[in-house]
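All remarks here apply to the structure that follows.
Remember, it's a predicted structure, so these values are computed and weren't measured experimentally. To find a chain, count down the sequence lines: A is the first, B the second, and so on, and within it residues start at 1.
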Protein chains: 2
Amino acid sequence: MDTSLASRTGQLGRPLEQRVSYRLARLHVKLNAQATRILRRHGGLSLVQWRVLVMLNAFTETTAGQVARMTRFDKALISRTVKSLIQAGLVKARSDDSDQRQQLLSMTASGARVFDAAAPHMYARQDALLDSMDTTQREVMFDALDRLEEVADRADAF
Amino acid sequence: MDTSLASRTGQLGRPLEQRVSYRLARLHVKLNAQATRILRRHGGLSLVQWRVLVMLNAFTETTAGQVARMTRFDKALISRTVKSLIQAGLVKARSDDSDQRQQLLSMTASGARVFDAAAPHMYARQDALLDSMDTTQREVMFDALDRLEEVADRADAF
DNA sequence: ACGAAAAAGTTGACCCGTCAACCTTTCCGT
DNA sequence: ACGGAAAGGTTGACGGGTCAACTTTTTCGT
């Protein structure tokens, strides 16, 4: 078996470790896996359930649409997750008198308990991520992420 | 409806835009979506198919296991993708006389054509990502990604 | 007042990516 | 030589995430 790097005209080009999208994909997957492990260990919430509860924790009441807009996650995913949270008794919904299309969502006492069980661990992990670098590096990194996002938003550029 | 930030004890804490995992998730998703669009427009490969072909482009012959190891992608995913590429006639497999467990994979002429159709666009996009920042920022960012990955690898830390 | 367009949310189908279980082949220790 | 462990790869099931299609309600232009 010849696995030399000399076949075809191709080479691997830039090494994988220097490909931005590859690095980000690996890291994203690892971060999600870590968060999932933490959540499983501390109450059993799924990652998206946690994310929705973070938003509900910040507001007395809100709507699925607002959660989707604020988090920029897909409304289909939010819809399903809200449904699962309601079924689990962690979220309750009441109709919105001013707009029949939407429901007002809020966390139940059970929801708050589950959220509070996971929160210290999720926030500790978040702090660890931020503390892995100093302020300057963090700012440079966030600026880099902004720049990458701008390129990614060029819809038909390539 | 009260969506003020003063409910419960909770607040949103750190704004979403400053949460590393959130920012990375958004960016990862956008980059994948962009790549998927480019691939769809230039030959119709799926993202994982493209990734496998990148590896096959670099070697005369290789095995699914090696692709999985080199890319660090899940062997189940590679297995399925290789299967789909073989069915599409873009990859061919021959048995490995020295090890009956594995097959030697290589790109077909069709595969090379499809790969070559997509490659300039995918590489242009990759270059644009890297060129969105200067060398120093890139190095700082990659170092930051290394640091984040190290935290993400702490299995039971939180 | 009316109707078209937009918005809120639901559901189906699909891809990415993972983990577990499985079967066959190979490796390795005794 | 033998058998258990490991490796290569396959398949099932599942969660994250998306897009499309759909229904009902609301908005908005005429």
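For the pair B:M70/B:F59, a side-chain contact is recorded, criterion being any heavy-atom separation below 4.5 Å from C-beta on. Inter-residue side-chain proximity for B:R94 and B:E61 is flagged as met; some heavy-atom pair is nearer than 4.5 Å.
B:Q66 has its CD atom 14 Å from the C1' atom of D:dA7, to the nearest Å. Summarising the geometry, the separation between CZ on A:F73 and P on D:dT18 is reported as 8 Å, rounded to the nearest angstrom. If you measure from atom NZ of B:K83 to atom P of D:dG9, you get 15 Å, rounded to the nearest angstrom. Atom CG of A:L24 is separated from atom P of D:dG17 by 15 Å (rounded to the nearest Å). Atom C1' of nucleotide D:dG16 and atom CD of A:Q34 are separated by 17 Å, given to the nearest angstrom. The nearest whole Å value for the distance from the CG atom in A:D97 to the P atom in D:dT25 is 14 Å. Regarding A:D96, its CG atom lies at a distance of 12 Å from the C1' atom of D:dT26, rounded to whole Å. What separates CG of B:L104 from C1' of D:dG8 is a distance of 12 Å, to the nearest Å.
When each of A:T36 and B:R40 is assigned the nucleotide of DNA chain D with its nearest heavy atom, A:T36 is the one assigned upstream, toward the 5' end. Between A:R80 and A:S98, the residue anchored closer to the 5' end of DNA chain D is A:R80, taking for each the nucleotide with the nearest heavy atom. Along DNA chain C, the nucleotide nearest B:H28 and the nucleotide nearest A:R69 are compared for position; the residue whose nucleotide lies closer to the 5' end is A:R69. When each of A:G65 and A:R26 is assigned the nucleotide of DNA chain C bearing its nearest heavy atom, the one mapping closer to the 5' terminus is A:G65.
One finds a side-chain N or O of A:R51 lying less than 4.0 angstrom from the OP1 or OP2 phosphate oxygen of D:dG17. Residue B:T63 has no polar side-chain atom (N or O) positioned under 4.0 Å from OP1 or OP2 of D:dG8. Of the side-chain N and O atoms in A:K75, none sit less than 4.0 angstrom from OP1 or OP2 of D:dG17. Distances shorter than 4.0 Å separate none of the side-chain N or O atoms of B:N32 from OP1 or OP2 on D:dT18.
Backbone-only engagement by B:L47 is indicated by non-hydrogen atom pairs under 4.0 Å involving sugar-phosphate atoms exclusively. Using a 4.0 Å heavy-atom cutoff across all strands shown, B:A76 reaches at least one base atom of the nucleic acid.
The side chain of A:L77 approaches D:dG16 more closely than any other nucleotide in the set D:dG9, D:dT26, D:dG16. Distances from the side chain of A:S46 to the nucleotides D:dG15, D:dT18, D:dT26 place D:dG15 closest.
Donor-acceptor pairing under 3.5 Å is lacking for the side chains of A:Q103 and A:T63.
Interface limits on DNA chain C: the 5'-most and 3'-most nucleotides within less than 4.0 Å of chain B heavy atoms are C:dC16 to C:dT26.
To the nearest 0.5 angstrom, B:R37 atom CZ is 12.0 Å from B:L47 atom CG.
Using modelled atom types, one side-chain atom of B:R147 and one backbone atom of A:S132 make a donor-acceptor pair closer than 3.5 Å. Using a distance-only test at 3.5 Å, with no hydrogens or angles considered, no donor-acceptor pair links the side chain of B:Q137 to the main chain of A:M141.
Below 30°, between 30° and 60°, or above 60°: for B:H42 and B:H121 the angle between ring planes is below 30°, a parallel geometry. The aromatic rings of A:F115 and A:W50 sit parallel, their planes meeting at an angle under 30°, below the 60° perpendicular limit.
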